[in-house]
Amino acid sequence: MSFTLTQVFLLGVGYLSILFACAWVVEKGWLPQRLVRHPLIYVLALGMYASAWAFYGSFGMAERYGYGYLTYYLGIAGAFVLAPVLLLPLLRLTRTYQLTSLPDLLAFRYRSRWVGMLVTLGLLFGSMPLLALQIQAIGDVIHLLTNESSPYHLAFVFCAVITLFAILFGARHISLRERHESLLVAIALESLVKLIAFLILGGITLYSVFGGFEGLEKWLQVNGDSLATAVQPLEDNQWRTLLLLFFATAVSMPHIFHIIFTENPSEEALMQATWMLPLFLLLLALPVPVIFWAHQALESQLPAEYASLALGGYWTLLSFIAGLAAASGTIIVMTLALAPMLLNHLVLAVYQPPARFDIYYWLVWMRRLLIASLIFVAYLVYLVLSVKHDLATLGLSAFIGTLQFLPGILALLYWPSANRKGLLAGLLLGFGTWFVGLGLPLMFGVQELAWIGGTLELRGIDDWYTITLISITLNILAFISISLTTEPSEEEKIGAQACSQDSLLHPKRLQLQARNPADMIRFLSIPLGQTTAQQEVARALAELNLSEQDARPYAMRRLRDRIQANLSGMMGPAVAQEIIDRHLPWKTADTDNDNDIHFVERHLEDYRSRLTGMARELDKLRRHHRQTLLYLPVGICTLGRDQEVLMWNRAMEELTGISGDEVIGSRIRHLPPPWNQALDSFLEDDRLQLYRQPLEVSGQRLWLSLHKARLDDPAALMGGTVLLVEDQSDFKRLEDELIHNERLASIGRLAAGVAHEIGNPVTGISSLAQNLKYDAEDPEAVRETSLQILQLTQRITRIVQSLVSFSHAGRHRDVRQFEAVDLHSALDEAINLISLSPSGRNRSYQNTCPTDLVIRGDTQRLVQVFVNLVANARDATQEQGQIICTAYRQDQEVRVEIHDDGCGIPEQELEHLFEPFFTTKEAGEGTGLGLALVYSIVEEHAGQVTVLSPSPLLGLGSCFQCRFPLPLSSQEKPDDHESYSDR
């Protein structure tokens with residue numbers, strides 16, 4: 001039954017209009033997103049692999065190789081079965097580094113523009129037969145249905161409509177990484193249409209030609225030759241080669257690569273496709289033998305490729321629609337995949353638009369022009385080859401050509417030593433063999449080729465098996481041998497490390513010449529123009545959630561990487577890397593720069609789901625240790641050798657009020673005040689610890705103890721410094737309160753002695769006052785009695801003043817506010833206070849401290865120290881015991897010593913003397929806080945306190961020694977301060 005050209009044309013336009021409408025509905029957002037992004041849509045879009053070659057060419061394969069046609073479906077199904085070790089790693093690479101095509105991927109790995117150019121040319125020439133096949137299939141089918149017009153004219157109209165669709169729904173985005181959801185849904189609809197149409201054709205053929213399964217079985221029994229022809233080729237080794245060819249298409253064919261990786265919605269969708277796609281292909285393969293046998297049973301005169309048309313009638317229109325769906329989807333996606341490759345690796349490699357151009361506008365229209373050009377070139381190839389070769393020949397030659405990329409792809413993942421010299425040599429040999437063995441006979445009809453050794457006979461597609469083995473063998477041998485005998489460049493090693501499945505990149509913490517985002521805009525304006533540079537920097541900042549004012553080195557490194565990735569999505573990795581390296585260069589690298597630990601940890605987090613066994617356990621240990629440091633209740637800050645902040649834990653955030661996100665990656669000196677001065681000055685200090693340092697923060701005084709440790713172990717991955725910051729403000733307030741309580745307790749203990757001391761002069765004053773009335777007539781006697789009364793009153797005043805002075809808690813002052821302290825007067829004050837108590841009267845006190853010895857400190861607190869030490873010496877001695885207080889200069893410090901001839905201190909107790917609440921006295925006689933407070937106060941004065949037993953001066957008893965640093969001027973005296981005797 002024949003149809004008019006108008007009928008077929010309207011049917012084809014009607015189907016393509018439905019396709020347009022589907023894409024338009026998705027573009028308008030009228031379909032729910034859960035449906036648009038459903039994994040089934042992705043799997044059906046992958047069904048685009050079953051092109052017109054699968055729908056028509058499979059019959060030619062069945063005629064030539066019998067059941068060997070199944071290798072077309074089993075090969076790519078095997079690739080999806082191996083998705084965890086092949087497709088999934090490639091998907092992660094393309095996502096991480098914004099790689100949109102096979103040339104991008106190989107150019108990124110082998111760090112060569114030549115690799116990108118050669119792979120692009122190889123894909124272009126290898127894909128052209130497959131593109132021409134799609135056009136030929138539709139043209140031939142329309143011609144067979146109508147017999148009215150030349151298939152070339154019909155094919156041209158078909159190409160024009162497909163070009164319009166590809167441009168409208170496939171070339172609208174600037175970035176190649178943006179998914180074409182409308183296009184994907186349309187391709188999925190096409191896959192569904194061809195599957196349903198093919199299954200219906202198979203079912204109709206089975207029952208209309210054979211009358212069901214029983215009729216088919218009877219026919220096969222009668223026509224045993226057909227079954228033997230189908231089985232016989234399986235005994236040959238060629239089927240393994242066919243499986244390898246179709247296995248490679250998953251990663252080597254541009255349209256399949258585009259759908260699998262660029263249009264992929266998620267890793268979960270890819271993993272679901274590992275069983276859903278093979279099921280789809282199995283269903284698509286089932287009708288092939290039935291329709292092929294029906295073609296034989298009906299003794300149709302049609303070529304075997306068009307066996308689905310043998311039924312005749314309106315069922316041929318169903319075959320036309322299925323073929324149209326298969327061919328149109330392949331052409332659209334393949335040209336969408338090839339156009340950016342040509343633009344990025346050929347056009348931009350030769351010509352880059354000036355900065356005055358609108359880069360976005362130029363890229364989009366150049367991509368559209370390339371899409372139209374590719375379809376036009378494919379049409380020209382169809383004109384040249386369609387008369388000479390069938391569909392199976394064109395398809396098989398295309399798959400053999402693209403097989404040459406498989407060694408480079410596998411080495412990309414699993415052979416870090418591979419280099420670009422080996423890859424280029426292997427590809428040139430492989431493609432050269434393919435072109436001589438298949439290209440010359442197919443394109444130019446060359447049957448013989450003269451060379452030095454004689455004449456080489458070219459049999460073309462009839463010798464495909466030998467050509468495939470020779471080309472891929474030469475490719476692999478050249479690739480391996482040259483890679484083993486030549487050293488990869490440093491850039492290639494970085495690329496290999498980035499692509500390897502067993503290692504991570506460890507980039508250095510280098511400094512950019514651009515200090516902030518504004519500098520980046522200024523530098524990028526040279527190649528991109530002011531407007532484009534501003535848009536790209538703003539886009540990268542928004543994606544990283546960074547501020548325009550953020551000038552941290554870490555933030556600048558992340559921003560640079562993001563801009564490069566975004567430009568790679570627009571122009572390809574080679575052009576993007578050249579622009580970034582030239583216009584956003586690093587400063588001169590220091591060989592001692594450490595690895596970027598933030599980058600490593602970020603990629604470890606991305607890599608975590610792929611870890612197994614011991615690696616997973618080690619990662620758990622790493623995460624546990626990091627969480628321990630993050631939540632430790634002590635402030636921890638780790639720095640690199642260049643003073644860049646690498647970690648800032650939660651305690652530091654609470655203490656400083658600065659979040660880790662704000663400070664990580666910056667320098668200590670860039671912190672907000674007063675933290676920058678405090679921490680930076682401590683880092684420059686030679687001391688490893690500083691205790692109880694005051695710091696004014698927002699009007700509140702904090703007391704901090706600082707510790708640092710150098711990470712100078714050569715075996716360590718990272719160097720630098722660890723800072724520990726302890727907030728001891730609460731402890732300091734508690735200590736001040738304890739000191740005050742200890743003063744009051746001391747006053748209570750001195751109360752009896754004070755009462756006795758004051759009682760004596762008061763009794764004398766009373767007696768003298770009574771004598772005044774008897775001496776009133778003698779002025780000289782009155783004057784003498786008055787002087788005696790005044791002396792006794794002054795004695796009472798001095799005793800009371802000493803007690804008041806001692807009991808005054810005082811406010812601790814900053815080190816910078818310390819006053820000059822006369823040690824002789826301070827020791828005298830302590831001796832006077834202790835001698836007031838009943839137990840302190842019967843001791844011999846000597847103060848041999850020089851009268852000109854001065855230190856800087858807090859007078860009240862130092863008197864507290866000496867009172868406690870003299871009191872301990874008093875308690876350790878018997879009546880008439882000897883207590884000597886002395887002080888002297890030695891080296892760059894002043895030493896104050898309190899000696900006694902008492903019972904001494906047992907050796908086992910020496911190390912516990914300064915611990916709080918440790919006491920050797922009976923219960924109720926001491927609190928155990930005196931020496932702990934002594935230790936704390938001396939430490940605040942940058943001093944140290946030690947104990948010796950026996951005393952080196954007296955030969956028995958004990959000696960407490962306090963060491964203080966000398967003041968700036970050792971001759972400084974307390975002239976400007978109130979002396980003890982004046983109070």
Side-chain angles (χ1 to χ4, degrees), residues 86 89-90 93-94 97 99 101-126 244 248 251-252 254 257 341-342 344-346 348-350 400-437 439 467-503 505-507 564 568 571-582:
L86 178 63
L90 290 176
L93 281 175
T94 56
Y97 300 105
L99 308 174
S101 64
L102 184 59
D104 286 355
L105 185 62
L106 293 176
F108 171 79
R109 160 59 179 89
Y110 297 101
R111 292 297 200 264
S112 170
R113 174 173 287 186
W114 291 105
V115 169
M117 294 174 66
L118 181 59
V119 174
T120 300
L121 290 172
L123 285 174
L124 179 63
F125 288 108
L244 180 63
V251 290
S252 62
F257 188 99
M341 295 183 202
L342 297 175
N344 296 340
H345 297 280
L346 296 181
L348 288 176
V350 177
I400 295 172
T402 56
L403 174 66
Q404 307 307 318
F405 300 115
L406 185 60
I409 296 170
L410 296 178
L412 176 148
L413 292 174
Y414 298 108
W415 191 26
S417 299
N419 60 39
R420 57 172 167 254
K421 295 178 183 177
L423 178 69
L424 290 171
L427 288 177
L428 289 173
L429 278 176
F431 273 113
T433 305
W434 171 78
F435 179 74
V436 170
I467 294 171
T468 302
L469 290 183
I470 293 176
S471 62
I472 196 65
T473 301
L474 291 176
N475 185 345
I476 293 173
L477 288 177
F479 187 22
I480 293 176
S481 59
I482 294 180
S483 293
L484 290 177
T485 55
T486 58
E487 284 292 325
S489 65
E490 290 301 320
E491 289 185 345
E492 287 181 276
K493 291 179 181 178
I494 294 174
Q497 197 174 19
C499 297
S500 175
Q501 297 304 294
D502 298 324
S503 62
L505 274 176
H506 296 85
Q564 180 172 346
S568 175
M571 305 176 173
V575 176
Q577 183 175 359
E578 181 180 348
I579 290 175
I580 294 299
D581 289 345
R582 179 181 298 178

Gap between atom [atom2] of [Y] and atom [atom1] of [X] - 0.5 Å precision:
X	Y	atom1	atom2	result
I480	S417	CD1	OG	11.5 Å
F108	E491	CZ	CD	11.5 Å
E487	K421	CD	NZ	9.5 Å
I494	C499	CD1	SG	12.0 Å
F257	S101	CZ	OG	6.5 Å
L423	F405	CG	CZ	9.0 Å

Would you say the side chain of [Y] lies within less than 4.5 Å of the side chain of [X], judging by non-hydrogen atoms?
X	Y	value
L90	L99	no
L429	Q404	no
I472	P407	yes
L346	V350	no
V251	L105	no
F431	L118	no
H345	D104	yes
T468	L244	no

Q | Any side-chain donor near an acceptor of the partner, N419 and T486, under 3.5 Å | A |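 Yes.
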(Q) Between L102 and T120, is the side-chain contact (heavy atoms from CB on, under 4.5 Å) condition met? List the steps. (A) CA-CA 8 Å; L102 184 59; T120 300; over 6 Å; no
Q) With no hydrogens and no angle check, is any side-chain donor or acceptor of S481 less than 3.5 Å from a backbone partner on A478? A)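 Yes: the side chain of S481 pairs with the backbone of A478.
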Q. Would a distance-only check, ignoring hydrogens and angles, find a side-chain to backbone donor-acceptor pair under 3.5 Å from T485 to I482?
A.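 Confirmed, T485 side chain pairs with I482 backbone.
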Q: Scan L348, L121, L124 and name whichever one has a side chain to side chain contact (heavy atoms under 4.5 Å, CB included) with L342.
A: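 Passing option: L124.
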Quick check: closest heavy atoms across [X] and [Y], and the distance to 0.1 Å?
X	Y	value
A411	A418	CB-CB, 3.9 Å
Y110	V115	CB-CG2, 4.2 Å
R420	S489	NH2-OG, 3.6 Å
A576	S568	CB-N, 3.4 Å
P103	V119	CG-CG1, 3.8 Å
N475	L427	OD1-N, 3.8 Å

Q: Count the heavy atoms of every other residue, nucleotide or ligand shown that sit under 6.0 Å from CH2 of W415, and state whether that count exceeds 12.
A: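 Yes, enclosed.
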